[in-house]
*Asks:* 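Sharing a structure here in structure tokens format.
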Amino acid sequence: MSSTHVFTPFSEQELMPHEEKLEVVKKGKQFGIGIPKETCLNERRTCITPDAVQVLVQSGHEIVVETGAGEGSFFTDLQYSEAGARISPDAKEAFSQDLVLKINPPTSEEIDYLKNGAYLISALQINLRDRDYFKQLAEKKVNAIAFEFIVDEYKQLSLVRLIGEIAGNISILYAAELLALSNGLMLGGITGVRPTEVVIIGAGIVGEFATKAALGLGASVKVFDNSLSKLRRLHMMVDGRVPTSIIDPKELAKSLRRADVVIGALSKISLSPIITEEMVAQMKKGSVIIDVTIDNGKVIETSELTDMENPFIIKHGVIHCGLPNLTSKMPRTTTKAISNFFLSYLLNYDEEGGFENMLVRKNEIKQSLYMYKGRHTKKLICDRFNLNYHDINLLIF
């Protein structure tokens, strides 16, 4: 009796049972992340909280925190250590990691500590930089990302916005403190007493939050900006309670003569001053000027950079505050906000399989670089400091 043949496209070997293969999720190369202690401008903020360190350590990263890095924000070395970070008394060890997270740009000495090809994420504060800073970074073949250039998928400057929200609120709170110090006025409105007058130059994020804070205290606010769309957006946000104006020197000078507080919040790089020394000389004695965006370019001609030890100077009888790190006055809140941002940023890096992959796949990450492997990739920086410009899209594709 002949056997029945069943047709099958598989060989006998292929039909044999095989051991099950489980999927192995490949993670990108785990980074060593360095958190050095800030040494400039009496800086009190830091980039990462102990809670964020714990999440990053669980994701497989090694975190090296320099001794005392979190003290200004009221986080102890013990808290970082218990979260899984390695505490090092040596700044060189924190700077020699694959990725260095800082608030202020590194000093000349600190750049020497960076390893070749490292990733550096910090603020740039372009108004405080010189050509040598960029040349020294280039020699180290560094990949440098600036807070000021970090954009999200909606093309928004997400970290600038976050810090701007805090800076806007703090500018009004600190102005209230200085006003009480200079002439005993309370910033706000009290029944039967004329409210203090606040003039805000700039209707961007800092201007918006300064406006909301001043209104919340009961002050009378007027906002100036050269962008009608920004003024319109602000006008809608505060239900039309704030008079707004294009920057007209005559109208501005008139408002400044009556102002008790002036907030400079225009974030245009190397903009020529809008408020002249002559306008300042006409202001009331004891009034207060806070130039929030001084690290990007002066809005007020008489402004000068100040620090936490000497936060203000007096010119023409007017108090001038020019702190480039104003949010450092509320370091714990600012640190928590920045840490939340970077935690999502770094976890996203894990999912993408490393920074190189992120740079290839995500255009917004490319745009946040001002230096890639030692090459200068931001035209505005190259034009300002006479450096050779390289288009990032020709370097990474």
*Asks:* Test the Arg129-Phe385 pair against the cation-pi criterion, namely NZ or CZ under 6.0 angstrom from the six-membered ring centroid and within 45° of the ring axis.
*Replies:*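 Cation-pi check for Arg129 and Phe385: fails.
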
*Asks:* Assess the pair Phe147 and Phe341: is the distance between their ring centroids shorter than 6.0 Å?
*Replies:*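 When the ring centroids of Phe147 and Phe341 are compared, they turn out to be at least 6.0 Å apart.
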
*Asks:* Output, in order, the C-alpha distance, side-chain angles, deciding distance and verdict of side-chain hydrogen bond (donor to acceptor under 3.5 Å, both in side chains) for Ser88 and Glu66.
*Replies:* CA-CA 5 Å; Ser88 171; Glu66 188 185 345; over 6 Å; no

*Asks:* Enter the distance from Leu387:CG to Ile381:CD1 here, rounded to the nearest 0.5 Å.
*Replies:*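 Leu387 CG to Ile381 CD1: 8.5 Å, rounded to 0.5 Å.
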
*Asks:* Does atom CG (Asn388) have a neighbourhood of more than 12 heavy atoms from anything else shown, all under 6.0 Å?
*Replies:*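 Not buried by this count: 12 neighbours or fewer within 6.0 Å.
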
*Asks:* Is there a path of hydrophobic side-chain contacts, each under 4.5 Å between heavy atoms, that joins Leu266 and Leu326?
*Replies:*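 Not linked; separate clusters.
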
*Asks:* Output a table of donor-acceptor pairs, distance under 3.5 Å, between side-chain atoms of residues 172-193 and any protein atom two or more places apart or on a different chain; print 'none' if there are none.
*Replies:*
from: Ser182; atom 1: OG; to: Leu178; atom 2: O; distance (Å): 3.3
from: Ser182; atom 1: OG; to: Leu179; atom 2: O; distance (Å): 3.2
from: Ser182; atom 1: OG; to: Gly286; atom 2: O; distance (Å): 2.6
from: Asn183; atom 1: OD1; to: Leu185; atom 2: N; distance (Å): 3.3

*Asks:* Hey, does the Lys NZ or Arg CZ of Arg375 hover above the aromatic six-ring of Tyr372, less than 6.0 Å from the centre and inside 45° of the axis?
*Replies:*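 Judged by the rule (NZ or CZ under 6.0 Å from the ring centre, within 45° of its axis), Arg375 is not positioned above Tyr372.
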
*Asks:* Does atom NZ of Lys315 have more than 12 heavy-atom neighbours from other groups under 6.0 Å away?
*Replies:*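 Yes, the 6.0 Å shell around NZ holds more than 12 heavy atoms from other groups.
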
*Asks:* Is it the case that one hydrophobic cluster holds both Ile103 and Met330, taking links as side-chain heavy atoms less than 4.5 Å apart, direct or via other members?
*Replies:*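 Looking at the clustering, Met330 is in a separate group from Ile103.
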
*Asks:* Mark yes or no: Lys212 above the aromatic ring of Phe209, with NZ or CZ under 6.0 Å from the six-membered ring centre and no more than 45 degrees from the axis.
*Replies:*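 So Lys212 does make the cation-pi contact.
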
*Asks:* Less than 3.5 Å apart, any donor N or O on the side chain of Gln136 or Asp112 sitting next to an acceptor on the other?
*Replies:*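 Asp112 and Gln136 do have a side-chain donor-acceptor pair below 3.5 Å.
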
*Asks:* Atom CZ in Arg44, atom OG in Ser73: separation rounded to 0.5 Å?
*Replies:*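 Arg44 atom CZ to Ser73 atom OG measures 8.0 Å (nearest 0.5 Å).
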
*Asks:* I want to check a possible cation-pi pair here: Lys378 against Phe149, using under 6.0 Å from ring centre and within 45° of the ring axis as the test.
*Replies:*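 Judged by the rule (NZ or CZ under 6.0 Å from the ring centre, within 45° of its axis), Lys378 counts as positioned above Phe149.
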
